[in-house]
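Accompanying notes for the structure given below.
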Amino acid sequence: MTDPSLSRRGAIALASRGCVIALAACLFPTEAWASPSEAKALLATLGPGALQPGKVTIGAPEIAENGNTVPIMIDVDSPMTDASYVKTIMMVADGNPLPGVARFELSPANGRAHVEFRIRLAQTQNITAVALMSDGTMWTATKNVKVTIGGCGG
Amino acid sequence: MPTTAKKGDIIDIKTLISHPMVSGQAKDAAGKIIPRDIINTFTCTFNGKQVFAMKLEPAISANPFISFPVKMTQDGTFDFQWVDDNGQVYKDSAKVTVT
């Protein structure tokens, strides 16, 4: 069955994308965007292990109306004891001018592996978080965030 | 953040600092790139020992909000430090008593 509102939705999506491109063109010096491969390369600096999906949860809005401040939460499933804890959490974004977002250094003193912060997203894109555990394993999660108005410049 | 906590409790620390976080991506009216000026490092120590640190990139929003938990085992003082690209250091501290 065809949803009659689909074409309207498509038109809205197209219109908002046009708006983002126009904003980007006026605010960014170049049209260079980070790519998924650049984001991956940055994550590889975290450690030698392979990335496994799991343990990491990203809390972010499905649709961010304002790309200038998108609230993000990252939780990692870890007991946070001296024997087993999250050492580092890194977040990258594959559709911003630069792929880096933030890097957190945690310790057993945190008791819980949880961080909250706010980020800029220039356009609809995937954000990826990786947790490096005290045993050297690395766990990852990715979330797509739709951005209505890009967080250009600042 | 709370000023008292029960021994073993995990408290949430929420920090907010006023800073424009100039991304270095935007141009001024004359078409020149406005130089990057962001808070690039945040650290939190408890009784002198680091419990949390963050490296910030231009993708962090203006007036950075950072929140993280800490498990309280003893009385002490949290020292917070933010450093920006110009080398300016912003500091704050808070005491917590464990009951």
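Below, chains carry the letters A, B, ... as their sequence lines are ordered, and counting in each starts from 1.
Nearest heavy atom pair, residue S61(B) against residue V70(A), reads OG-N, 4.3 Å. Residue I119(A) comes nearest to I60(B) through the heavy atom pair CG2-CD1, 4.0 Å, listed as atom of the first residue, atom of the second, then distance. Closest heavy-atom contact between N96(A) and A59(B): ND2-CB, 3.7 Å. Scanning all heavy atoms of the two residues, the minimum distance from N110(A) to I10(B) falls at O-CG2, 3.9 Å.
Under the 4.5 Å side-chain heavy-atom criterion for grouping Ile, Leu, Val, Met, Phe, Trp and Tyr, V101(A) is connected to I127(A) within one hydrophobic cluster. Linking Ile, Leu, Val, Met, Phe, Trp and Tyr residues whenever their side-chain heavy atoms come within less than 4.5 Å places M133(A) and I89(A) in a single cluster. Put simply, V56(A) and L43(A) are part of two different groups of oily side chains (I, L, V, M, F, W, Y) that touch within less than 4.5 Å, one to the next. A single hydrophobic cluster is not seen to contain both V92(A) and M54(B); linkage of ILVMFWY side chains at heavy-atom distances under 4.5 Å, directly or through other members, places them apart. By the criterion of side-chain heavy atoms lying less than 4.5 angstrom apart, applied directly or through intervening Ile, Leu, Val, Met, Phe, Trp or Tyr residues, F117(A) is grouped together with M1(B) in one hydrophobic cluster.
By a heavy-atom distance cut of under 4.5 Å, Q50(B), V51(B) are the residues of residues 35-51 of chain B near chain A, going up by number. Residue-level contacts of residues 63-70 of chain B with chain A, in order of numbering, are F65(B), I66(B), S67(B), F68(B), P69(B), V70(B); threshold 4.5 Å between heavy atoms. The interface of residues 74-87 of chain A with chain B, defined by heavy-atom distances below 4.5 Å, is empty. The interface of residues 72-99 of chain B with chain A, defined by heavy-atom distances below 4.5 Å, is empty.
Expressed to the nearest 0.5 Å, how far CD of E116(A) lies from CD1 of I13(B) amounts to 12.5 Å. If you take CE on M90(A) and CD on E57(B), they are separated by 7.5 Å, rounding to the nearest 0.5 Å. Here CE of M21(B) is found 12.5 Å from CZ of R118(A). Values are rounded to the nearest 0.5 Å.
Other residues, nucleotides and ligands contribute more than 12 heavy atoms inside 6.0 Å of the NZ atom of K143(A). Shown here is Q52(A), whose CD atom has more than 12 heavy atoms of other residues, nucleotides or ligands within 6.0 Å.
Residue L56(B) touches chain A through its backbone alone, counting heavy-atom pairs closer than 4.5 Å.
The side-chain heavy atoms of D12(B) and R112(A), taken from C-beta on, include a pair separated by under 4.5 Å.
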